[in-house]
Protein chains: 2
Amino acid sequence: MSDRGTGQAPISGESLLFLTDDQLRRGIEAMFFAYRGFTADPDRILQEYAYGRAHHRAIHFIKRSPGNTVNNLLDILGVTKQSLNRVLRALIEDGLVESRIGKQDRRERHLFLTETGQELEKELSEAQRGRMRAAYRDAGPDAVAGFRQVLEQIMDPEMRRHFQTFKEGS
Amino acid sequence: MSDRGTGQAPISGESLLFLTDDQLRRGIEAMFFAYRGFTADPDRILQEYAYGRAHHRAIHFIKRSPGNTVNNLLDILGVTKQSLNRVLRALIEDGLVESRIGKQDRRERHLFLTETGQELEKELSEAQRGRMRAAYRDAGPDAVAGFRQVLEQIMDPEMRRHFQTFKEGS
DNA sequence: AGTTTATGTCAGCCTTGTTGACTTTCCAAG
DNA sequence: CTTGGAAAGTCAACAAGGCTGACATAAACT
């Protein structure tokens, strides 16, 4: 906050070395390499079930807020309904996801994980959490706070809204 | 080691609340949403040139270490040579990348950006750095240090090796 | 009654990943 | 000098998962 009256000026009292192009490049590459690790474990598991990342994302967010409508999920995932539909159809056919017609608005479909769906979700999320937990533990709580803070700033405002919505509500 | 009035965690004196499943889930979702933002700006630019993320990645790492061999790039990007080759062929045909036969080992191809290639690289990386810079500035140096630390822990050891190699050498 | 909304579905296209098979080039060891 | 194998390139085929466009329902809204 007390930015010592600059905010922008070439140099302030505070070191701004962390904003050099080289530092930024390192951050960019860190994102690239880390994201590969981030998805590696679930990817391995998904392969056994002949699913892909798209299925994982759907499963994750259905688990996250059961009863969500298709439209809502579309918004969160940022894909077209045709793309999502292909994935949902497979998950419903395979008995991992249940689609219930809305009671107030019968046009809506509310999505839930079945027993089987919850099992796969657990397997996937435990693998992914395992890696995150190890990383968090090694880095420590302060680093984790910074990690989350920077990630939140990187998001588009619209995604940040989704993210923050999830933070509060169960 | 008095427990700091939290209870809940039957573990050590230090609060380990940042390792709860819920905290980990938030981190996972943060990675998901942030990565979308991370790639959004370059994606928009690439569309104008009818290129994709794969082209961006190749361009980035060729710029990063000019003269690298194809095999080396393959290792960094973690894709098959057929995949990379398709991308490289397009970039070479379009005059963005130059492939020079090795002098010691004439089987090898060393990759360089042409003038035009450097221009596109600059456009892409400036867009991506712009977002990162804003995020870094808003979060501050300590948060950035934590961000980088956690990302590094998330990587596979093999990727971490690539990442750290890049940290030192120019 | 007519319009809008939510969803689903079909068809076709693109990018980017995969395997497998095969060739060319060329270094290096026998 | 011959041969084995590494590095690179190419062709073919395929799959996942994005996209657009068009169209069909059903239900809600006006």
Side-chain angles (χ1 to χ4, degrees), chain A residues 32 35-36 39-40 42-62 67-94 97-112, chain B residues 32 35-36 39-40 42-62 67-94 97-112:
Chain A
F32 171 68
Y35 200 78
R36 288 245 298 278
T39 56
D43 280 355
R44 258 189 297 276
I45 294 166
L46 289 159
Q47 223 173 347
E48 296 169 28
Y49 296 87
Y51 289 137
R53 260 180 226 179
H55 302 83
H56 184 192
R57 291 197 282 264
I59 287 171
H60 174 96
F61 285 106
I62 292 172
N68 236 354
T69 63
V70 172
N71 236 359
N72 215 301
L73 196 52
L74 237 36
D75 228 45
I76 292 166
L77 296 178
V79 296
T80 59
K81 63 172 179 172
Q82 293 92 329
S83 258
L84 178 57
N85 195 255
R86 190 194 305 146
V87 164
L88 282 182
R89 206 189 313 159
L91 292 174
I92 291 169
E93 271 173 18
D94 297 351
V97 166
E98 200 193 331
S99 161
R100 296 186 203 150
I101 294 178
K103 287 191 172 173
Q104 286 98 351
D105 188 333
R106 300 191 49 216
R107 290 170 306 180
E108 294 179 342
R109 302 299 142 91
H110 300 273
L111 303 168
F112 300 87
Chain B
F32 171 66
Y35 200 78
R36 287 245 298 278
T39 56
D43 281 355
R44 258 188 297 275
I45 294 167
L46 288 159
Q47 224 173 346
E48 295 169 28
Y49 296 87
Y51 290 136
R53 261 180 225 180
H55 302 84
H56 183 191
R57 291 196 282 263
I59 287 171
H60 174 97
F61 285 106
I62 292 171
N68 236 355
T69 63
V70 172
N71 237 2
N72 215 301
L73 197 52
L74 238 35
D75 228 44
I76 292 166
L77 296 178
V79 298
T80 59
K81 63 172 179 174
Q82 293 91 331
S83 252
L84 178 57
N85 195 255
R86 191 192 305 145
V87 165
L88 283 182
R89 205 188 316 157
L91 292 174
I92 291 169
E93 271 173 19
D94 297 351
V97 167
E98 199 193 333
S99 160
R100 296 186 203 148
I101 294 177
K103 287 191 171 173
Q104 286 97 352
D105 187 335
R106 300 188 53 215
R107 290 167 302 180
E108 293 179 344
R109 304 298 144 92
H110 300 273
L111 302 169
F112 300 86

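Chain naming here is simple, since letters A, B, ... match the order of the sequence lines and numbering starts at 1 in each. Nothing here was measured: the structure is a model prediction, and the numbers come from that model.
B/Leu74 has its CG atom 10 Å from the C1' atom of D/dA8, to the nearest Å. Protein atom NE2 of B/His56 is 17 Å distant from nucleotide atom P of C/dT15, rounded to whole Å. As rounded to whole Å, 8 Å separates atom P of D/dG9 from atom CG of B/Leu111.
For A/His55, no side-chain nitrogen or oxygen approaches OP1 or OP2 of D/dA16 to under 4.0 Å. Distances shown here put every side-chain N or O of B/Asn85 at or beyond 4.0 Å from the OP1 or OP2 atom of D/dA8. For D/dG9, the OP1/OP2 oxygens have no side-chain nitrogen or oxygen of B/Arg89 closer than 4.0 Å. The shortest distance between the side-chain N/O atoms of A/Asn71 and the OP1/OP2 oxygens of C/dT7 is below 4.0 Å.
A search for side-chain hydrogen bond (donor to acceptor under 3.5 Å, both in side chains) contacts involving B/Glu98 returns B/Arg100, not counting sequence neighbours. For B/Arg106, the salt bridge (Lys or Arg N to Asp or Glu O under 4.0 Å) criterion is met by no residue, not counting sequence neighbours. Applying the side-chain hydrogen bond (donor to acceptor under 3.5 Å, both in side chains) test to A/His110 and every residue at least two apart in sequence or in another chain returns nothing. Every side-chain contact (heavy atoms from CB on, under 4.5 Å) that B/Val97 has, sequence neighbours left out, goes to B/Ile62, B/Leu91, B/Ile92, B/Leu111, B/Leu113. For B/Phe32, the ring pair (Phe, Tyr, Trp, His ring centres under 6.0 Å) partners at least two apart in sequence or on another chain are A/Phe61. Shown here are the salt bridge (Lys or Arg N to Asp or Glu O under 4.0 Å) partners of B/Arg89, two or more places apart in sequence or in another chain: there are none. By the side-chain hydrogen bond (donor to acceptor under 3.5 Å, both in side chains) test, A/Asn71 pairs with no residue at all, sequence neighbours left out. Legend: residues meeting salt bridge (Lys or Arg N to Asp or Glu O under 4.0 Å) with B/Arg86, ordered by chain and number and at least two apart, are absent.
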Below 3.5 Å is the cut-off: list the nitrogen or oxygen pairs between protein and nucleotides 1-4 of chain D, distance only.
none

Extract from the structure each pairing of a protein N or O with an N or O of nucleotides 17-26 of chain C at less than 3.5 Å, listing the distance.
| residue | atom | partner | partner atom | Å |
| --- | --- | --- | --- | --- |
| C/dG17 | OP1 | B/Arg57 | NH2 | 2.4 |
| C/dG17 | N7 | B/Arg86 | NH1 | 3.1 |
| C/dG17 | N7 | B/Arg86 | NH2 | 3.1 |
| C/dG17 | O6 | B/Arg86 | NH2 | 2.9 |
| C/dT18 | OP2 | B/Thr80 | N | 2.7 |
| C/dT18 | OP2 | B/Thr80 | OG1 | 2.8 |
| C/dG20 | O6 | B/Gln82 | NE2 | 3.0 |

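Rounded to 10°, the angle separating the first-five-pair axis and the last-five-pair axis of the helix from C/dA1-D/dT30 to C/dG30-D/dC1 equals 20°.
The residue among B/Asn72 and A/Tyr51 whose nearest nucleotide of DNA chain D is located toward the 5' end is B/Asn72.
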Distance-only check: which donor-acceptor pairs under 3.5 Å involve side-chain atoms of residues 42-57 of chain B, not counting sequence neighbours?
| residue | atom | partner | partner atom | Å |
| --- | --- | --- | --- | --- |
| B/Asp43 | OD1 | B/Arg53 | NE | 3.3 |
| B/Asp43 | OD2 | B/Arg53 | NE | 3.2 |
| B/Asp43 | OD2 | B/Arg53 | NH2 | 2.9 |
| B/Arg44 | NH2 | B/Asp41 | OD1 | 2.6 |
| B/Tyr49 | OH | B/Glu123 | OE1 | 2.8 |
| B/Tyr51 | OH | B/Asp94 | OD2 | 2.4 |
| B/Arg53 | NH2 | B/Thr39 | OG1 | 3.2 |
| B/His55 | ND1 | B/Gly52 | N | 2.9 |

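Across all strands shown, A/Gln104 has heavy atoms under 4.0 Å from sugar-phosphate atoms exclusively, and none from any base.
Rounding to the nearest 0.5 Å places OG1 of A/Thr69 at 9.5 Å from CG of A/Asp105. Between atom NZ of residue B/Lys81 and atom CG of residue B/Leu73 there is a gap of 14.5 Å, rounded to the nearest 0.5 Å.
Nearest nucleotide to the A/Val70 side chain, out of D/dA7, D/dG9, C/dT7: C/dT7.
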